[in-house]
Every structure is written in C-alpha cells, then in structure tokens.
Participant: 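Here it is, the structure, as structure tokens.
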Amino acid sequence: AGNVLAGAQWQAPRRLHGAERGVRPHATPATGIALGAEQAIRICDRHRGVGADGVLLVASNAGRPSMKVINAEGSVPERCGNGIRCVALHLRRAGWIGADVFEIDTDSGPHACRVLELGATGTIEVSMRPATLVPDQVPVLARGPVVDEAFEVEGRLLRVTAVSMG
C-alpha cells in the first residue's frame, strides 16, 4: 500500500515509504494540479488502479512547496506525517529543492523538513505539532481523551489511543 504522489507528468513509479509502513509510487510534482476525490479513489483502487493508501498532491505557492493529501476513500486530512517525509525526500532528490532544510505547506500549516540522508533509503526529519489527546482536535467522537481503550473489530479486541500531531 502507500500513497501516490500525483503530478502533471506521470513517470515510471519508484518506491518510497514512510516508517516502513508502505510503498508510495510517485510521479513528477507540478504546480496547480487539480485532482478530486473521485479521481483519487480510482487511482488508489486495489484492483483497477495502482493500489495505494492515498494521493499526495504537490504544488508550489510563492516558490514554496505545498502538499495536499486525498485518502483512498476520498477524505482529505490536514496532513500526513509519512507522506510529507516522502514528498520532502522526492523534492530534494529530484532537485526541485536545493537545500537540506525547507518548509512544506499543508492544510494544517507549514512544516519544517530537514534532509538528514539522501542515500538509498533517505532520512527526513519533519517538525510536527505537539501531540494532543483532546477529542475534537484529534478528531474522534468521544467525551474525553481516548487512551488505551478497548475497541472491538470483527470479534477481535484491540487497544486504541487517539492522538493528533496536528
């Protein structure tokens, strides 16, 4: 799984992932790309598309990169921690960013990125927001913080903590 980096000119997919959690085939970023939820759903389809967790849209705003995320089911989160690291690494490797320290704008505001290593795996550090457990900031429908709560899914009991790095 993973995310797709979308742009105006598609290229042969390379594989990127964040925190060993999935692969992200990607394409060349472009300014002003317009892609909606329906297109993202089709792209992410596991049988008729490339099979991804979401699409990462990259544009430039006054010379600074920005990123928008469209999840596989069409929802639009404010940001994606793994996705922003993949975008930062791609932008730096492709030469669209010349410095090892730069910012990427997201719907939750700018996030400072620092390239620690460009090698085969790449290492990117991203400044996220302070963690919060406040339900309406996560967001989660709950009367109070959800910390190590029991949550049943298809007869299987899971332990859940709802947190935002927002």
Participant: Measuring from Asp53:CG to Asn71:CG, what's the distance to the nearest 0.5 Å?
Facilitator: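 These two atoms lie 8.0 Å from each other.
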Participant: Check whether His111 reaches the backbone of Ser127 with its side chain - one donor and one acceptor, N or O, closer than 3.5 Å.
Facilitator: yes
Participant: Are the side chains of Cys113 and Val101 in touch, meaning some heavy atoms are under 4.5 Å apart?
Facilitator: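 A side-chain contact is absent here, since even the closest heavy-atom pair is not under 4.5 Å.
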Participant: Should Arg93 and Leu118 count as side-chain neighbours, where that means a heavy-atom distance under 4.5 Å?
Facilitator: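 Arg93 vs Leu118: side chains touch.
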Participant: Using modelled atom types only, decide if a donor and an acceptor are shared between the side chain of Arg85 and the backbone of Thr123 within a distance under 3.5 Å.
Facilitator: no
Participant: Distance check, rounded to the nearest 0.5 Å: Cys86 atom SG versus Leu91 atom CG?
Facilitator: 11.0 Å
Participant: Is Arg64 reaching over with its side chain to a backbone N or O of Glu103, donor-acceptor style, under 3.5 angstrom?
Facilitator: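 No.
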Participant: Do Cys44 and Val50 have side chains that approach each other closer than 4.5 Å (heavy atoms only, starting at C-beta)?
Facilitator: no
Participant: What distance do Leu89 atom CG and Ile97 atom CD1 have between them, rounded to the nearest 0.5 Å?
Facilitator: 12.5 Å
Participant: Atom CG of Leu56 and atom NE2 of His90: how far apart are they, to the nearest 0.5 Å?
Facilitator: 10.5 Å
Participant: On a heavy-atom basis, which atom in Asp105 and which in Pro110 lie closest, and how many Å separate them?
Facilitator: OD1-CB, 3.3 Å
Participant: Distance from Ile70 atom CD1 to Cys80 atom SG, nearest 0.5 Å?
Facilitator: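 Rounded to the nearest 0.5 Å, the CD1-SG separation comes to 12.5 Å.
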Participant: Which pair of non-hydrogen atoms, one from Ala142 and one from Pro135, has the smallest distance, and what is that distance?
Facilitator: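 Minimum heavy-atom separation between Ala142 and Pro135: O-CB, 3.7 Å.
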Participant: Does any N or O in the side chain of Gln137 come within less than 3.5 Å of the main-chain N or O of Val134, such that one atom is a donor and the other an acceptor?
Facilitator: no
Participant: Donor-acceptor check, side chain of Asp45 to backbone of Arg48, threshold 3.5 angstrom: yes or no?
Facilitator: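 Such a contact is found between Asp45 side chain and Arg48 backbone.
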Participant: Kindly work out whether a path of hydrophobic side-chain contacts (I/L/V/M/F/W/Y, heavy atoms less than 4.5 Å apart) joins Val87 to Met128.
Facilitator: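 Yes, Val87 connects to Met128 through the hydrophobic network.
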Participant: Under 3.5 Å, sequence neighbours excluded: what are the donor-acceptor pairs made by side chains of residues 148-160?
Facilitator:
residue: Asp148; atom: OD1; partner: Arg159; partner atom: NE; Å: 3.3
residue: Arg159; atom: NE; partner: Asp148; partner atom: O; Å: 3.3
residue: Arg159; atom: NH2; partner: Asp148; partner atom: O; Å: 2.4

Participant: Would a single hydrophobic cluster contain both Val69 and Ile41, if residues Ile, Leu, Val, Met, Phe, Trp and Tyr are joined by side-chain heavy-atom contacts under 4.5 Å?
Facilitator: no
Participant: When you compare the side chain of Ile124 with that of Leu116, does any pair of heavy atoms fall below 4.5 Å?
Facilitator: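 No - every pair of side-chain heavy atoms lies 4.5 Å or more apart.
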Participant: Please examine the side chains of Val76 and Lys68, heavy atoms only from C-beta on, and report whether any two atoms are closer than 4.5 Å.
Facilitator: yes
Participant: So how far is it from Asp107 CG to Ser66 OG, rounded to the nearest 0.5 Å?
Facilitator: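 Between atom CG of Asp107 and atom OG of Ser66 there are 9.0 Å.
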Participant: Find out if a path of hydrophobic residues (ILVMFWY) with successive side-chain heavy-atom gaps under 4.5 Å connects Val146 to Val163.
Facilitator: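 No, Val146 does not connect to Val163 through the hydrophobic network.
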Participant: With a 4.5 Å limit on heavy-atom distance, are the side chains of Asp100 and Arg92 in contact?
Facilitator: yes
Participant: Could you report the tightest heavy-atom contact between Arg129 and Ser108, atom names first, then the distance?
Facilitator: NH2-O, 3.0 Å
Participant: Cluster question for you: counting only ILVMFWY and a side-chain heavy-atom cut-off of under 4.5 Å, with indirect links fine, are Phe102 and Val126 together?
Facilitator: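 Same cluster: Phe102 reaches Val126 through Ile, Leu, Val, Met, Phe, Trp or Tyr contacts under 4.5 Å.
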